[in-house]
Every structure is written in structure tokens, then in C-alpha cells.
Amino acid sequence: MNLDQLNKTAEAMTKPGKGILAADESSSTIKKRFDAIGVESTADNRRDYRELLFRSTDAMRNYISGVILFDETIRQSAMDGTPLVRIIADTGAIPGIKVDAGAKPLPFSPGETVTEGLDGLRERLKDYHGLGARFAKWRAVIDIGERKPSYAAILANAHALARYAALCQEADIVPIVEPEVLMDGGHDIQTCAQVTEWVLKEVYQQLYYQNVVLEGTVLKPNMIVPGNKSEKRASVDEVAERTIQVLKRCVPSAVPGIAFLSGGQSDEEATAHLNAMNRIGGLPWKLTFSYGRALQAAPQKAWSGKNENVAAAQRAFSHRAKMNGLAALGQWQNELEKKAA
Ligand code: 13P
């Protein structure tokens, strides 16, 4: 393990003004996204779409620090034969890879899951490093509901995240540690805060037990928001303040950076929340984005599978990447949204 290199990579992933593009949708998730825009989910269409994103030079060079890929994509080449990984690396962004095998039902814990994928992970990480990946992602999912989450689910997921993170560091790959507390449901913001605090405390305990070096990690958490069916909405400032409060209680300052998931927030909410947090300032870690939907919804809609829309889709992606890049510096303003493509 080269800790100095791991730390440099983690710092580069959360470099001020830049964030991560999560383009690692599994085959079933990308099919859902393509269904919504009337595009058939074939390997060629998935390649064309992702190539469009990675060739968005303005976004990639100026606002994107790294890209999380799915197994299929890290092995794919562009239309002209250039490996997609090369296109990404040539923009200065770092290629990364999703390595978990998805959330599977947890026995005796109705409605809860544990993320699988540890078997054979050491060998797969070696393979991915050879293909150019310098960081990885593993997503644990925690659901809030009646009698949920259970300690069984929190512990099993935190333990798996720590086992994964240790294997990554052994392979000189920075682990993105992603414990996502879902925003699905009618719970209030206080419940999200309490559950997230519990989950993060357990995650950092397990990372310690597995000897993971925090300087070579990036955390990818949810923000503290009310459930999407809750009638009590929260202001941008409340989300920012509560999120910072929970992170300060749980995340050691040895962690170089935190890159949030968007989790189903609207594009502008995700940007405004990140911006408000960075405005608070005086934080021990960098705060940036690692968005999937909040970066890709606009370009997907603009593209809609048509060649003649590629430039418009790239403009839409660049716009969202720029807005989030500004939010990562606390320099975003609502008025800037009007200049959208
Ligand atoms: P969203 O930003 O769409 O939540 O996706 C980020 C991600 O990578 C989830 O694992």
C-alpha cells in the first residue's frame, strides 16, 4: 500500500471547485433512465451516451475530478476505438469503478439489505487497477421505516464497507465509502439526522477495526433531508446546518474529502445545499459532489438518443457540472441557473 499516493488521489478527487461524476449505473438502473427518455438500453447506446459525457471537454477539464464507471464501461472503447478510460484520463479526470454487487435482502430483517460483493474482490481490484481505475465505490443502503433501520443492518453494512475499503487500499485504490440513508418515506429531518449519525459512527468504528487509513479514503454520504413524503419541508440553510452538524460529530478530520450523493434531490436543490454548506466554511474536510442523477438528468433529457442532440446534451452537462463546481466553492448563485442551455 502506497499511502502517500492514496492520499494524493483522495485529495485530487475532492480538489476545490471539482467533483465526481457518478456514471456507474448498473444495467438495470441505466435501462430505467433510458426508458424514461425512450432509448433502448443496448451496449452501443450506453457507450454512445457515456462517450458523449466524457467528451464534454468543458465539464470534464474544469469541473470533474473523477468518474465512477460500471464494469461494462471500463472495458468499452469509443466509436473511434479509443478506450473510454483513456478519454477520461486525457481530460485530467481520474477513472474509478463501482465494485459492489448490489444490495441483497438481509435475512430476518424484513425490508432491509446488505450490500454484497466481497468474494473475489481482491482479484477484481487488481484487474481494475490494471484497467486504469485509481478509486472505487461501494454503496451500502439504509432504509428508514417502521422498525428500520435495525442494528443488524447497520452493523452488517458498516462491516462490509470496512472490509471493502481495506481491500481497496491494499490494492492502491482509494475507497469511496458510501453509506446511503435513503430519503424515501415520510420521516422528518430529525429522524434522518439521528439515523445518519448512528450509521456514520458505526462505519468509522468498523473502518478503524479493519485498519483502514482515513487519509486515503473519501466519504460519500447522504445529506440530512426530510423524507420525500414528509409534509415538513426544510429550508436550504437547515439542510446545510444539520448536515454539517452530523458530519462534524462523526467524520474524523483525517478524512480529506466528502463527496455527497444526490439521492433523488432535484438538480437545483442538490446544488443549493452543497453551496450553502460550503458557505458555512471553516470545515476540516473538502465538501463536494459525487452526483449521478443531479448531473445527468438534464443531459439525458436533452440527448434523448438522437445524434443531432449531442451538442445540446453536452452543454446541459457542462452547465450542471459548472453549477456544482461553483457550489463546491460556495460561489453558486441562483441567478446563474437562468443561463442554462
Ligand atoms: P445519485 O446522485 O443519483 O444519488 O447517485 C449517486 C450514486 O453514485 C449512488 O450510488
Side-chain angles (χ1 to χ4, degrees), residues 13-14 19-34 36-37 49-50 53 59 63-74 93-104 113-117 133 135-144 157 160-161 164-165 174-185 192 196 199 203 218-225 227-228 239 243 257-274 277 287-301 316-317 320-321 323-325 327-328:
M13 289 162 67
T14 53
I20 298 166
L21 166 63
D24 60 321
E25 299 83 1
S26 63
S27 307
S28 59
T29 302
I30 195 75
K31 182 177 181 315
K32 259 192 264 164
R33 306 277 184 264
F34 277 13
I37 53 167
Y49 167 64
R50 286 166 171 153
L53 295 177
Y63 311 111
I64 300 297
S65 59
V67 182
I68 318 176
L69 301 167
F70 188 57
D71 181 79
E72 175 186 71
T73 321
I74 201 169
I94 307 166
I97 182 76
K98 184 228 295 290
V99 300
D100 68 66
K104 304 289 158 60
T113 59
V114 61
T115 299
E116 296 189 349
F135 71 91
K137 168 188 132 171
W138 178 291
R139 173 175 173 258
V141 183
I142 301 294
D143 199 13
I144 297 178
N157 277 293
L161 270 170
Y164 139 83
V174 170
I176 291 185
V177 174
E178 180 178 0
E180 176 174 7
V181 177
L182 295 177
M183 58 186 274
D184 300 345
C192 176
T196 304
V199 170
V203 166
V218 169
L219 177 69
K220 176 162 172 167
N222 52 284
M223 295 182 194
I224 306 301
V225 291
N228 54 10
V239 170
T243 305
I258 297 175
F260 292 99
L261 56 92
S262 60
Q265 301 177 50
S266 73
D267 295 359
E268 287 186 30
E269 271 171 353
T271 305
H273 289 154
L274 176 63
M277 283 185 244
L287 288 190
T288 188
F289 58 92
S290 175
Y291 294 160
R293 283 163 284 181
L295 276 172
Q296 293 189 62
Q300 276 165 9
K301 209 167 149 218
F317 173 47
R320 280 276 39 96
M323 294 300 100
N324 287 308

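All ligand and atom numbering here is 1-based and tracks the order in the structure. Throughout, residue positions are numbered sequentially from 1 according to the sequence presented.
Partners of Tyr164 by ring-ring contact (aromatic ring centres under 6.0 Å, His included), not counting sequence neighbours, listed by chain and number: Trp138. Residues satisfying the ring-ring contact (aromatic ring centres under 6.0 Å, His included) test with Phe70, not counting sequence neighbours, are none. Glu72 is linked by a salt bridge (Lys or Arg N to Asp or Glu O under 4.0 Å) to Arg46, counting only residues two or more places apart in sequence or in another chain.
Using a 4.0 Å heavy-atom criterion, the residues that approach ligand 1 are Ala22, Asp24, Lys137, Arg139, Glu178, Lys220, Leu261, Ser262, Gly263, Ser290, Tyr291, Gly292, Arg293.
Of the charged side-chain nitrogens involved, none lies within less than 4.0 Å of a carboxylate oxygen, so that Asp100 and Lys137 do not count as a salt-bridged pair.
For Phe34 and Tyr49, the ring centers are positioned less than 6.0 Å apart.
Residues Asn157 and Ile142 meet the side-chain proximity criterion, which asks for heavy atoms closer than 4.5 Å.
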